[in-house]
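The structure under discussion appears below in the form of structure tokens.
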There are 2 protein chains.
Amino acid sequence: MAKMDRRIQKTQEALKNAVIELMGEKDFDNITIQDIADRANLNRGTIYLHYQDKYDLLDKLIESQINELEEMDKWACDEDWMDAFIPYFEYFKQNHLFFSTMLTSKGAGPSYFRTRLLAHCITGFKSEIDKESGKNSNLKDDVILQYAGTAYVGVIEWWILNGMPYPPQEMAKQVGALLERSL
Amino acid sequence: MAKMDRRIQKTQEALKNAVIELMGEKDFDNITIQDIADRANLNRGTIYLHYQDKYDLLDKLIESQINELEEMDKWACDEDWMDAFIPYFEYFKQNHLFFSTMLTSKGAGPSYFRTRLLAHCITGFKSEIDKESGKNSNLKDDVILQYAGTAYVGVIEWWILNGMPYPPQEMAKQVGALLERSL
DNA sequence: ATCGATCTGTTGATATATCAACAGATCATT
DNA sequence: AATGATCTGTTGATATATCAACAGATCGAT
């Protein structure tokens, strides 16, 4: 995601917010391209410059959100295991509308987003499994990853859908501690 | 203001908000075109497509705000004298950030905007002076208009700068009653 | 007084967004 | 089944926004 033309950024941002808003009001299948264009204050044709149809739009929106997470992976890497999660939970908080909408939406398959998010987390955890201390010598990587991944996603989901009852730092500390035990 | 290209609307809206924000932070003279472009998330060159310099920008921004008021004059015309002001005060409330910033700004001349607003109001009142009942037979139009205009603008200013302590309807009723006596 | 840094206003090539119009698809109603 | 209304995806002409680069102006610090 080097540098994108400002107009594309704005268009995508407007579309993202429009979709989030509309999905809060009706089922995704009942949302029309015209609705999205109107809400985003864009010409309908503009949408087709970037996407095939509304499903492709939703896909790519999710994709780009996941990509932002991947971007964060590169920066915060070798920090303390607890603090490493602070920026993530701050990010979740900033985009909580997106996450809560995507995690609860019924329309576009029962949370296709959840699946994508889980896959991303598992990929990210792969290189973090402790291979040295021997504590995992009897455990399969598959199992560890699935365990830690669903746990992590589950906590994120719980935190978002319950109004983010703890501050990001607290969540980062807790989740960091738990993940360190699991991996 | 028939129908404007969406892009121009968005650009102007972004610039308006950027200028409002920045004027809340520093003196207008110390604001750079680059600042405005950055805040509005626009290319600096784009500003020059529409304006000569930052002073022209401010002028035109004020101008367009006044124009919106003129647009409203056309619609709400022959209604009840009290209710006629409701949309105006709702409009003031919606744009209260603009009004409060423009009315307090020291940089661009001690409220050039106030002068423009007053001129607009006086123009609007011209056709509303009671010529029939005879109650104004001893009074000069000039004086009446200046009196009512400054009074009206003064109340708007007070209302905005004091956090809009009464709802728009209440303000419309009060101001409507007072203006009816004066004109 | 000179430097370096920033701001300014402008240019040209390019990318993107807009708008109006189109034909075909879908869907609800009659 | 026919009708009308809306949605869809696409097109072409046009308008606007972007970006990088430029030279000159301004200003503060050395």
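Each chain gets a letter, A, B and so on, in the order its sequence line appears, and its residues count up from 1.
Rounded to whole Å, atom P of D/dA17 lies 11 Å from atom CE of B/Met4. Summarising the geometry, the separation between CG on B/Asp29 and P on C/dC7 is reported as 16 Å, rounded to the nearest angstrom. Atoms NE2 (A/His50) and P (D/dT10) sit 14 Å apart, rounded to a whole Å. In this structure, OH of A/Tyr51 is placed 13 Å from P of C/dT16, rounded to the nearest angstrom. Rounded to whole Å, atom P of C/dT26 lies 14 Å from atom CG of A/Asp53. With rounding to whole Å, A/Leu15 atom CG is found 15 Å from C/dT16 atom P. Here the P atom of nucleotide C/dT6 and the CG atom of B/Asn30 are 17 Å apart, to the nearest Å. Rounding to whole angstrom units, CD of residue B/Gln52 and P of C/dC7 are separated by 21 Å.
Place A/Arg44 and A/Thr11 on DNA chain C by their nearest nucleotides, and A/Thr11 ends up nearer the 5' end. Comparing A/Asn43 and B/Gln34 by the nucleotide of DNA chain C that holds the closest heavy atom to each, the one mapping nearer the 5' end is B/Gln34. Sequence order on DNA chain D of the closest nucleotides to A/Ile33 and A/Asp5 puts A/Ile33 first from the 5' end. The residue among A/Lys54 and A/Arg7 whose nearest nucleotide of DNA chain D is located toward the 5' end is A/Lys54.
One finds no side-chain N or O of A/Tyr48 lying less than 4.0 angstrom from the OP1 or OP2 phosphate oxygen of D/dT10.
Between A/Tyr91 and A/Gln65, the side chains place a donor N or O and an acceptor N or O closer than 3.5 Å (distance only, hydrogens not considered). Counting only N and O atoms by type, the side chains of A/Asp130 and A/Ser133 include a donor and acceptor under 3.5 Å apart. A/His50 and A/Asp56 form no side-chain donor-acceptor contact under 3.5 Å, judged by distance and modelled atom types alone.
Salt bridge status for A/Lys16 with A/Glu21: absent, with no side-chain N to carboxylate O gap under 4.0 Å. Using a cut-off of 4.0 Å between Lys/Arg side-chain N and Asp/Glu carboxylate O, B/Lys140 and B/Asp142 are scored as not salt-bridged.
Counting only heavy atoms from C-beta on, A/Ile8 has its side chain closest to C/dT16 among C/dT16, C/dG9, D/dA17. Side-chain proximity of A/Arg6 to the nucleotides D/dC19, D/dT16, D/dT8 is greatest for D/dC19.
At a threshold of 4.0 angstrom between heavy atoms, the contacts of A/Leu49 include nucleobase atoms, whether or not backbone atoms are also involved. Residue contacts shown for B/Thr32 are limited to sugar-phosphate atoms, with no base heavy atom under 4.0 Å away. B/Lys10 comes within 4.0 angstrom of sugar-phosphate atoms only, judged by non-hydrogen atoms across all strands, and of no base.
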